Amino acid sequence: GSLVTAQRTNPALWILDFIPFAFLFLGKYVNTQLTDSVSSLFHKHTADMQRKTEALESQAMHDATHDPLTGLPNRLLLRDRLEQALLGMRRKNRLLALLVLDLDRFKEINDTLGHHSGDRLLKQIAVRLREVVYPTDTLARLGGDEFAILLPSLDNENEIQDAVRKIQRSFSTSFVIDKMSLDVQASIGISLSPKHGHDVDTLLQRADVAMYVAKEKKRHFYIYDPCIDKHSSWRLSLLAQLRQAITSGDMQLHYQPKVAADTGQVHGVEALVRWNHQKFGMISPDEFIHLAEQSGLIIELTRWVMRTAVDQIMSWHAQGQNLGVAVNLSPSTLLDPEFPDFMAGQLASWKLPPGTLTLEITESTLVKDPDLALKVLNNLACRGISISIDDFGTGYSSLAYLKKMSASELKIDKAFVTEMLTSESDGAIVQATIDLAHNLGLKVVAEGVENVETARALAQLRCDSLQGYHFCHPLPADEVNAWLVSHNVHSILERQRLKSVR
């Protein structure tokens, strides 16, 4: 009874009795709130993760189908849209055109100004091309400096001419990179469907063929023509095999002697590259040098020529034949920023006597980037390499550059030498070139000497060296040795003949 009385009369006990129920209720409430909060946070986090995943998937899909530099569709997306356009074209009986654009001389710009400037130029070009295509067209970057435009629905071929004119106008204004104005043009190859093909690969291949024809013919654009396909397929086949040929031993050097005009003595040779193709036989440089230029393989090819020529020099010197060797240098090789370092490293190991190696360059090399060309050439000349200006008189270089250059020799182009006896103007050009060179302290080589009368006339004009079929065709290295022996047998008589006219 006392416990019941105490419970009724003491409020503190009431509170103590209530506390377990209060904690039970509070715990249940807090647990409910925590569960709701955790559930809300989980659903929110899950939604965020899903959004991020979707965004990443979307970005990955975009990256897989677009060029990262320009933001344009890439080759993969172009192929997909081209395939869809071909299906739609067949249903509507319309025409489709595929244009492939390749920038002219972009590699020289890239090599001279650097890849960063080259990338900025590509972005500017992409912006301009976007302005000349319709929303229904597809502008894509295929890679490097190559773009493509898909015109999916045309009424007739005349619309292609309009598209080409708009593209050409977009290149009419100079591009500005670091306050430097650059004039850039593009060669355009065009294939049509159904006229030139019904599938993606055929249209791409034939547009590419037409683009290379446009480059070779120096035309702004060229529409694919089946009559060029045999030649172009052969060219594409050669291009695919060129890199392997450089490393597999299919390339060879032939050498054409250079004879002193006053004594008839052979003092050097010019190295000329040949491709001994396993299927097509001997292929001349005219057939593959421009392919090497366009593909960028000219650098690798030139370095192979350098190493092979110098090995031959050292072999001849070991045999007692103190011959110098001249090597032709392409403009793009000279503008390669790594070329001087390559030559410096090679010269350190070769240890050649000064003047033994001569680099022949054309006047066009100076026109493309005179300051860089002069800097590189003078650097090489300081290392004991002789510089020869090849095909003099056929280019447009300033005589001011000739005065600044550390050149030691001019070569008169064979176009003037061949006709000098029958053309008064060609004879005057030859004489003026010899006098100019001598006044500048340069030696003169006349190439294209095909008969004894021309040789005598050049000797009388005090030309220093002669080169041509009258003396010898280009020969493999092993045949040069035999020719030298044979030439020496007749050289005394030849010297007598040449001296008699001086």
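The structure displayed is predicted, hence computed values, not measured ones.
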Are the side chains of [Y] and [X] in contact, using a 4.5 Å heavy-atom criterion?
{"X": "Pro257", "Y": "Phe471", "result": "no"}
{"X": "Phe147", "Y": "Leu122", "result": "yes"}
{"X": "Leu357", "Y": "Met343", "result": "yes"}
{"X": "Arg462", "Y": "Asp435", "result": "no"}
{"X": "Ile289", "Y": "Leu301", "result": "yes"}
{"X": "Val310", "Y": "Val325", "result": "no"}
{"X": "Val266", "Y": "Gln321", "result": "no"}
{"X": "Leu253", "Y": "Leu272", "result": "no"}

Are the side chain of [X] and the backbone of [Y] linked by a donor-acceptor contact shorter than 3.5 Å?
{"X": "Asn156", "Y": "Asn158", "answer": "yes"}
{"X": "Gln431", "Y": "Leu461", "answer": "no"}
{"X": "His196", "Y": "Tyr224", "answer": "yes"}
{"X": "Asp208", "Y": "Leu204", "answer": "no"}
{"X": "Thr454", "Y": "Glu450", "answer": "no"}
{"X": "Arg128", "Y": "Thr173", "answer": "yes"}
{"X": "Ser315", "Y": "Asp311", "answer": "no"}
{"X": "His317", "Y": "Leu323", "answer": "yes"}
{"X": "Asp464", "Y": "Val444", "answer": "yes"}
{"X": "Arg141", "Y": "Thr70", "answer": "no"}

What is the distance from atom [atom1] of [X] to atom [atom2] of [Y], rounded to the nearest 0.5 Å?
{"X": "Ile434", "Y": "Leu458", "atom1": "CD1", "atom2": "CG", "result": "6.0 Å"}
{"X": "Leu101", "Y": "Leu129", "atom1": "CG", "atom2": "CG", "result": "6.5 Å"}
{"X": "Ser330", "Y": "Glu360", "atom1": "OG", "atom2": "CD", "result": "13.0 Å"}
{"X": "Ile190", "Y": "Met211", "atom1": "CD1", "atom2": "CE", "result": "12.0 Å"}
{"X": "Ile167", "Y": "Leu139", "atom1": "CD1", "atom2": "CG", "result": "9.0 Å"}
{"X": "Ser388", "Y": "Leu329", "atom1": "OG", "atom2": "CG", "result": "11.5 Å"}

State, to 0.1 Å, how close [X] and [Y] come at their nearest heavy-atom pair, and which atoms those are.
{"X": "Ala437", "Y": "Leu410", "value": "CB-CD1, 3.7 Å"}
{"X": "Ala271", "Y": "Asn328", "value": "O-ND2, 3.9 Å"}
{"X": "Trp304", "Y": "Val273", "value": "CZ3-CG2, 4.1 Å"}
{"X": "Ser174", "Y": "Ser181", "value": "CB-CB, 4.1 Å"}
{"X": "Ala186", "Y": "Leu103", "value": "CB-CD2, 4.1 Å"}
{"X": "Ala261", "Y": "Leu466", "value": "CB-CG, 3.9 Å"}

For this session: Let me see the working for Ile412 and Val445 under side-chain contact (heavy atoms from CB on, under 4.5 Å), right down to the final yes or no.
Result: CA-CA 6 Å; Ile412 308 174; Val445 178; over 6 Å; no

Exercise. Does the side chain to side chain donor-acceptor pair (under 3.5 Å) test come out yes or no for Gln244 and Asp250, once each step is laid out?
Worked result: CA-CA 8 Å; Gln244 182 180 358; Asp250 289 342; over 6 Å; no

Exercise. Could you walk me through whether Asp102 and Ser187 pass the side chain to side chain donor-acceptor pair (under 3.5 Å) check?
Worked result: CA-CA 5 Å; Asp102 188 85; Ser187 299; over 6 Å; no

For this session: Decide whether Thr422 and Glu419 meet the rule of one side-chain donor and one side-chain acceptor closer than 3.5 Å.
Result: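 Yes, a side-chain donor-acceptor pair sits under 3.5 Å.
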
Exercise. Taking atom types as modelled and ignoring hydrogens, do the side chains of His267 and Ser465 form a donor-acceptor contact shorter than 3.5 angstrom?
Worked result: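 Checked: His267/Ser465 side chains pair up, N/O donor to acceptor below 3.5 Å.
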
For this session: Would you confirm whether the ring centroid of Trp316 sits within less than 6.0 angstrom of the ring centroid of Tyr255?
Result: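 They qualify: ring centres under 6.0 Å apart.
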
Problem set entry | Candidate list Glu447, Lys411, Lys258, test side-chain hydrogen bond (donor to acceptor under 3.5 Å, both in side chains), partner Gln467, passing option |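 That would be Lys411.
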
For this session: Give a yes or no on whether His254 atom NE2 has more than 12 heavy-atom contacts from other residues, nucleotides or ligands under 6.0 Å away.
Result: yes

Exercise. More than 12 foreign heavy atoms under 6.0 Å from CZ of Arg243: is that the case here?
Worked result: no

For this session: Using the side-chain contact (heavy atoms from CB on, under 4.5 Å) rule, take Met420 and Ile429 through it: C-alpha gap first, then chi angles, then the decisive distance, then the call.
Result: CA-CA 8 Å; Met420 63 175 289; Ile429 290 172; over 6 Å; no

Exercise. Ile125 and Phe171: side-chain contact (heavy atoms from CB on, under 4.5 Å), yes or no, with the steps?
Worked result: CA-CA 8 Å; Ile125 290 170; Phe171 285 92; 4.0 Å; yes

Exercise. Parallel, tilted or perpendicular: which describes the rings of Tyr469 and His473, with under 30° parallel and over 60° perpendicular?
Worked result: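 Ring orientation of Tyr469 relative to His473: parallel.
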
For this session: Go through Glu146 and Arg75 one step at a time and tell me if the side-chain contact (heavy atoms from CB on, under 4.5 Å) criterion holds.
Result: CA-CA 10 Å; Glu146 197 170 61; Arg75 184 182 292 269; 3.9 Å; yes

